*Asks:* 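First the structure, then my questions, so here it is.
Here the structure is a predicted model, which means the values were calculated and not measured. Note on naming: letters A, B, ... go to the chains in the order of the sequence lines (proteins, then strands), and numbering restarts at 1 for each one.
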Amino acid sequence: MLDLKLMQRDPDVVRESLRKRNSKIDVAEFLAMDERRKALIADVEALKATQNRVGPEIAKRKRAGEDAEDLLEEMKRVAERAKELDAELSQVEAAEKEWMMSVPNIPHASVPVGVSEEDNPVVRVVGDVPAFDFQPREHWELGVALGGLDFERAAKLAGARFCVSFGWCARLERALAQFMLDTQTGLHGYTEVIPPYIVNRRTMTGTGQLPKFEEDLFKLTDERDFFLIPTAEVPLTNIYADEVLDEEALPVKFCAFTPCFRSEAGSYGKDTKGLIRQHQFHKVEMVNFAHPDHSYEALEDMTRSAERILQLLKLPYRVITLCTGDMGFGAAKTYDIEVWLPGQDKYREISSCSNCEDFQARRANIRFQPKGAKKKEYVHTLNGSGLAVGRCLVAVIENYQRADGSIVIPEALKPYMGGIEVVEPK
RNA sequence: GGAGAAGUGGCCGAGUUGGCCGAAGGCGCACGCCUGCUAAGCGUGUAUACGGUGUAGAGCCGUAUCGAGGGUUCAAAUCCCUCCUUCUCCGCCA
């Protein structure tokens, strides 16, 4: 959520932001609501002030045994009127809040202006795209042939966009997860967390999934308003909702390995084969709570931490900056890391690292107490995949394939593979 | 799943014949004084949000907030309803 004061004082900044994001949201709508709200507050509070002034007078008369009928009559009318205006005020406030909650974050000045992913500049390219002396195959083809992936039985169990992994493949995914966690906790100072995979509406609203993107989520039919997490960013970031952190404690760095659940509504026809786009996948997520003065350093730091995984696995990748038109709702700046997939002959997203500045912190009410200052400030929150485990499995399979259809296990994963060094066709 | 108890300011804890309660007291914290020695004492201050004004995150005025939401009433921390959370006992269970 944006700062209400900023909306009121400098609506042009918001207009400009929305223009860069190609949004149709109209700031004038907000300004009108805000005017109306202020007018109502003035009226309602004047009436309540009257009530507070006359109330003790009534009590005084009653105690003295005097008649207070005239005041009671008058106050009855005041109370009635106050109630009417209060109801209208509540409506206006709710509408205004909803409007505020649907406005995306303001892009950082360094973010390139653009319309679509075509306009995302490449920041750096790391590792050489491997040259194969045969036609590299796609992961789903290799995985199925080697008995590791089974999409047909998954369809039977659940439906499209699910997968069952067996044997070496299940082990490889577990190895990747463990390797990532060990790297982030051991090398980069992250604290490992196991959060709930089901969260409530408040939590989903704190990070920005709600109210705008409910159709992307799996909602439980339970009357308790439960949702399956689409990413561990949601529970990790909300861990400190409604809390005040010590300034010296910043930055706080959490990581978690969790399943992620996404409805993938509106992605019909995209990536219909393989593991790239599933309703359920695993991800190691990193979340930082940073001091506002250092959050952009933290973004670089987090991105490097994600890249480290690919470097250790010797997987070629590149880093791009998302342009204003391609950036997510809550982000002020986002780097995507794209890994090379020989089977697809292109780079595909495997991590997304964002600085949300105080956008989520304001929604979730996460603050810190600056030393010497009176007022508490919102922290900056960052999140990034470190990495998407399912897509990393895809990358390993495709990059480490050999002409005979076998797959070599990357050096860095061998300690986790229980002796498996090569997966070969039977 | 059954039975019961509780939710007040950073913490503890008063307040339940509705009005004099934004809320006693204590602790903690901040500043000052005193004293001077591994202490203590004294004084003052100590929430947040919104609205108005404005020297525009100074001050002042107003409103709201005693788990959340709704109701009764001229008036509710105090009465009624719903929900949430925590705790205790029993049952069940990975």
Side-chain angles (χ1 to χ4, degrees), chain A residues 1-11 13 30-101 194 196-206 210 220 222-227 235 238-249 259 292-293 358 361-379:
Chain A
M1 190 162 64
L2 300 184
D3 184 3
L4 186 70
K5 292 253 166 48
L6 175 72
M7 294 287 313
Q8 295 167 336
R9 209 165 34 209
D10 219 341
V13 169
F30 163 83
L31 293 173
M33 279 190 286
D34 203 47
E35 280 306 304
R36 181 64 186 143
R37 179 177 66 89
K38 286 181 181 178
L40 282 166
I41 285 175
D43 291 349
V44 168
E45 291 192 349
L47 291 172
K48 289 186 177 171
T50 304
Q51 288 183 312
N52 291 338
R53 207 165 351 93
V54 177
E57 179 64 24
I58 292 173
K60 198 162 141 197
R61 284 206 204 171
K62 285 203 163 180
R63 251 179 288 126
E66 294 171 20
D67 177 61
E69 270 313 307
D70 54 330
L71 290 180
L72 286 177
E73 275 302 309
E74 187 191 341
M75 283 307 99
K76 197 160 190 163
R77 284 198 304 276
V78 169
E80 231 168 276
R81 181 65 183 147
K83 205 170 173 181
E84 287 170 18
L85 291 179
D86 239 338
E88 190 182 345
L89 178 60
S90 301
Q91 282 186 356
V92 172
E93 280 177 336
E96 191 171 333
K97 181 91 186 283
E98 197 186 328
W99 192 93
M100 288 292 289
M101 292 298 254
I194 300 180
Y197 305 152
I198 298 173
V199 298
N200 57 31
R201 182 170 291 273
R202 164 86 212 282
T203 298
M204 281 295 183
T205 306
L210 292 178
L220 303 195
D222 192 287
E223 68 281 358
R224 278 173 292 191
D225 240 6
F226 281 154
F227 298 86
N238 282 285
I239 279 175
Y240 288 133
D242 291 323
E243 294 192 37
V244 180
L245 305 177
D246 288 333
E247 188 173 29
E248 311 85 66
D293 294 345
D358 62 5
R362 186 173 288 109
R363 287 175 164 243
N365 192 27
I366 308 168
R367 295 172 296 170
F368 73 100
Q369 180 64 61
K371 255 188 243 158
K374 252 195 169 152
K375 242 170 131 64
K376 300 171 180 66
E377 278 185 56
Y378 291 113
V379 300

*Asks:* Among all residues two or more places apart in sequence or in another chain, which pass the salt bridge (Lys or Arg N to Asp or Glu O under 4.0 Å) test with A:Lys60?
*Replies:* none
*Asks:* If you look at every strand shown and take non-hydrogen atoms under 4.0 Å, does A:Lys62 touch a base, only sugar-phosphate, or nothing?
*Replies:* base
*Asks:* Apply salt bridge (Lys or Arg N to Asp or Glu O under 4.0 Å) to A:Arg202 and list each qualifying residue two or more places apart in sequence or on a separate chain.
*Replies:* A:Asp242
*Asks:* Give every pair of a protein N or O atom and an N or O atom of nucleotides 79-86 of chain B that lie under 3.5 Å apart, one pair per line with the distance.
*Replies:*
none

*Asks:* For a quick test of your reading: what N or O donor-acceptor pairs under 3.5 Å do the side chains of residues 37-48 of chain A make, sequence neighbours left out?
*Replies:*
{"residue": "A:Arg37", "atom": "NE", "partner": "A:Asp34", "partner atom": "OD1", "Å": "3.2"}
{"residue": "A:Arg37", "atom": "NE", "partner": "A:Glu96", "partner atom": "OE1", "Å": "3.2"}
{"residue": "A:Arg37", "atom": "NE", "partner": "A:Glu96", "partner atom": "OE2", "Å": "3.4"}
{"residue": "A:Arg37", "atom": "NH2", "partner": "A:Asp34", "partner atom": "OD1", "Å": "2.8"}
{"residue": "A:Lys48", "atom": "NZ", "partner": "A:Asp86", "partner atom": "OD2", "Å": "3.1"}

*Asks:* Let me know the distance between CD of A:Gln369 and P of B:rG28, rounded to the nearest Å.
*Replies:* 20 Å
*Asks:* Would you list the protein and nucleotides 70-72 of chain B atom pairs, both N or O, that sit under 3.5 Å from each other?
*Replies:*
{"residue": "B:rU72", "atom": "OP2", "partner": "A:Lys83", "partner atom": "NZ", "Å": "3.2"}

*Asks:* State which residues pass ring pair (Phe, Tyr, Trp, His ring centres under 6.0 Å) with A:Tyr378; sequence neighbours excluded, sorted by chain then number.
*Replies:* none
*Asks:* Using residues 72-85 of chain A as the side-chain source, report each donor-acceptor pair under 3.5 Å to any protein atom, sequence neighbours left out, with the distance given to one decimal.
*Replies:*
{"residue": "A:Arg81", "atom": "NH1", "partner": "A:Glu84", "partner atom": "OE1", "Å": "3.0"}

*Asks:* Suppose we screen for salt bridge (Lys or Arg N to Asp or Glu O under 4.0 Å). Which residues come up paired with A:Glu88, at least two apart in sequence or across chains?
*Replies:* A:Arg36
*Asks:* Taking only residues two or more places apart in sequence, or in another chain, which ones meet A:Tyr240 in a ring pair (Phe, Tyr, Trp, His ring centres under 6.0 Å)?
*Replies:* A:Phe254, A:Phe289
*Asks:* Using atom C1' of each nucleotide, how far apart are B:rG19 and B:rA77 to the nearest Å?
*Replies:* 13 Å
*Asks:* Which letter, B, S or -, goes with each nucleotide of nucleotides 49-67 of chain B from 5' to 3', with contact meaning a protein heavy atom under 4.0 Å?
*Replies:* SSSS----B----BBS---
*Asks:* Tell me which pairs pass ring-ring contact (aromatic ring centres under 6.0 Å, His included) where either residue lies in residues 65-101 of chain A, with sequence neighbours left out.
*Replies:* A:Phe30-A:Trp99
*Asks:* Measuring only the C1' atom in each nucleotide, how far is B:rG7 from B:rG13? A whole number of Å is fine.
*Replies:* 13 Å
*Asks:* Round to the nearest Å and state the distance from A:Leu71 atom CG to B:rG19 atom P.
*Replies:* 19 Å
*Asks:* A:Lys97 vs A:Glu93, test: side-chain contact (heavy atoms from CB on, under 4.5 Å). Steps then yes/no.
*Replies:* CA-CA 6 Å; A:Lys97 181 91 186 283; A:Glu93 280 177 336; over 6 Å; no
*Asks:* Applying a 3.5 angstrom cut-off to the pairing atoms, does RNA chain B sit in any stems of at least three consecutive Watson-Crick or G-U pairs? List them by first number.
*Replies:* B:1-7 with B:84-90, B:10-12 with B:25-27, B:28-33 with B:41-46, B:47-53 with B:59-65, B:67-71 with B:79-83
